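One structure is given below, encoded as structure tokens.
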Amino acid sequence: FLSLLHSISSGLSDTELSAMKFLCRDKIRKRKLEAVQSGRELFGILMEQQEIANDNLKFLKELLQHIERSDLLSQLVQFEEEEPHTLHDQLDWHEKPVGVICDHIGREWKKLMRELEMPEVKLERIEAAYRDNLYEKIVQALREWQRWKGKDAKVADLIKALRGCKLNLVADEVEK
């Protein structure tokens with residue numbers, strides 16, 4: 001996802017970046033927008049504000065349509081089609097368990113992921129990619145765990161790991 005954003009950013013002219021910044025005026029404060037010098041910076045802010053994400057590319061699509069960059073838009077569509085959308089039957093990202101975990105786990109997210117036996121290298125990648133956004137780190141870590149575990153990614157395993165981390169209140173909320 002980040003490579004896609006980097007690729008799109010590299011393909012933008014100054015005029016196109018300026019147009020995209022204008023289109024983001026209702027989402028990003030003026031002072032912050034004025035400081036933006038590249039597409040990467042703009043996308044970083046949009047990710048922090050959860051306007052764009054790996055599984056939420058609607059706003060980015062609209063931006064690319066408005067600046068009439070169908071080539072970049074087709075890159076985005078291709079990414080969406082290739083992105084694995086697996087295991088929704090085991091763990092739905094819109095269901096309560098994931099939301100509860102993301103809302104309550106806080107800085108203990110790495111402890112939970114280690115309890116789920118997620119490789120350290122994956123945790124480091126997530127940490128680097130979402131350095132300033134704790135909530136997004138948790139969301140991405142849970143998604144990565146789901147992809148990594150495949151059909152074995154079960155809510156029961158999350159509850160067991162939460163209890164193993166002494167996060168019993170969060171585990172109780174997930175069970176509800």
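For clarity, every value in this text was computed on a predicted model and none was experimentally measured.
Put simply, the side chain of Leu46 reaches to within 4.5 Å of the side chain of Ile28, judged on heavy atoms. Between Ser38 and Phe43 the shortest side-chain heavy-atom distance does not fall below 4.5 Å. Gln50 is listed as a side-chain neighbour of Tyr135, based on a closest heavy-atom distance under 4.5 Å. Looking at Lys154 and Asp157, their side chains come closer than 4.5 Å, going by heavy atoms from C-beta outward. In this structure, the side chains of Ile67 and Leu12 come closer than 4.5 Å at one or more pairs of heavy atoms. Looking at Leu60 and Leu5, their side chains come closer than 4.5 Å, going by heavy atoms from C-beta outward. Looking only at side-chain heavy atoms (C-beta outward), Trp109 and Leu142 stay at 4.5 Å or farther from each other.
A salt bridge links Glu120 to Arg114: one of the charged nitrogens lies within less than 4.0 Å of a carboxylate oxygen. A salt bridge does not link Lys111 with Glu115: none of the charged nitrogens is closer than 4.0 Å to a carboxylate oxygen.
Atom CZ of Phe79 is separated from atom OG of Ser7 by 11.5 Å, given to the nearest 0.5 angstrom. Atom CG of Leu17 and atom OG of Ser9 lie 7.5 Å apart (nearest 0.5 Å). Atoms NZ and CD, on Lys32 and Gln49 in that order, are 5.5 Å from each other to the nearest 0.5 Å. Atom-to-atom distance recorded for Ile8:CD1 and Leu76:CG is 5.0 Å, nearest 0.5 angstrom. Atom CE in Met47 sits 5.5 Å away from atom CG in Leu2 (nearest 0.5 Å). From His104, atom NE2 reaches atom CG of Asp172 across 11.5 Å, with rounding to the nearest 0.5 Å.
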Verdict with supporting geometry, Cys24 and Val36, side chain to side chain contact (heavy atoms under 4.5 Å, CB included): CA-CA 11 Å; Cys24 291; Val36 169; over 6 Å; no
Derivation and outcome, side-chain hydrogen bond (donor to acceptor under 3.5 Å, both in side chains), residues Glu136 and Gln140: CA-CA 6 Å; Glu136 195 60 28; Gln140 294 305 323; 2.6 Å; yes
CA sep, side-chain torsions, deciding dist, call: Val139, Asp55, side chain to side chain contact (heavy atoms under 4.5 Å, CB included): CA-CA 11 Å; Val139 169; Asp55 62 343; 5.9 Å; no
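Closest of all the heavy-atom pairs between Lys110 and Leu123 is O-CD1, 4.3 Å. Heavy atoms only, all atoms of each residue included: Ala35 and Glu41 are closest at O-OE1, 3.4 Å. The minimum heavy-atom distance linking Asn54 with Arg147 is given by the pair ND2-NH1, 4.4 Å. In terms of heavy atoms, Trp148 sits closest to Leu116 at CZ3-O, 3.6 Å. Across all their heavy atoms, Asn168 and Arg163 have their closest contact at OD1-NH1, 3.2 Å. Contact between Leu112 and Ala161 at its shortest, heavy atoms only, is CD1-CB, 3.6 Å.
In this structure, Ser70 contributes its side chain and Leu73 its backbone to no donor-acceptor pair below 3.5 Å. Remark: side-chain polar atoms of Lys30 are not paired, donor with acceptor, to backbone N or O of Arg25 under 3.5 angstrom. The backbone N or O of Ile126 sits nowhere less than 3.5 Å from a side-chain atom of Arg131 that would complete a donor-acceptor pair. Remark: side-chain polar atoms of Ser18 are not paired, donor with acceptor, to backbone N or O of Asp14 under 3.5 angstrom.
More than 12 heavy atoms of other shown residues, nucleotides or ligands fall within 6.0 angstrom of atom CD in Glu62. More than 12 heavy atoms of other shown residues, nucleotides or ligands fall within 6.0 angstrom of atom NZ in Lys27. The environment of CZ in Arg40 is sparse: at most 12 heavy-atom neighbours from other residues, nucleotides or ligands sit within 6.0 Å. With a 6.0 Å radius and a threshold of 12 heavy atoms from other residues, nucleotides or ligands, Glu127 has its CD atom above the threshold.
Both Met113 and Leu134 are assigned to one and the same hydrophobic cluster, defined by single-linkage of ILVMFWY side chains at heavy-atom distances under 4.5 Å. Hydrophobic clustering, with ILVMFWY side chains joined whenever heavy atoms are under 4.5 angstrom apart, keeps Val77 apart from Leu72.
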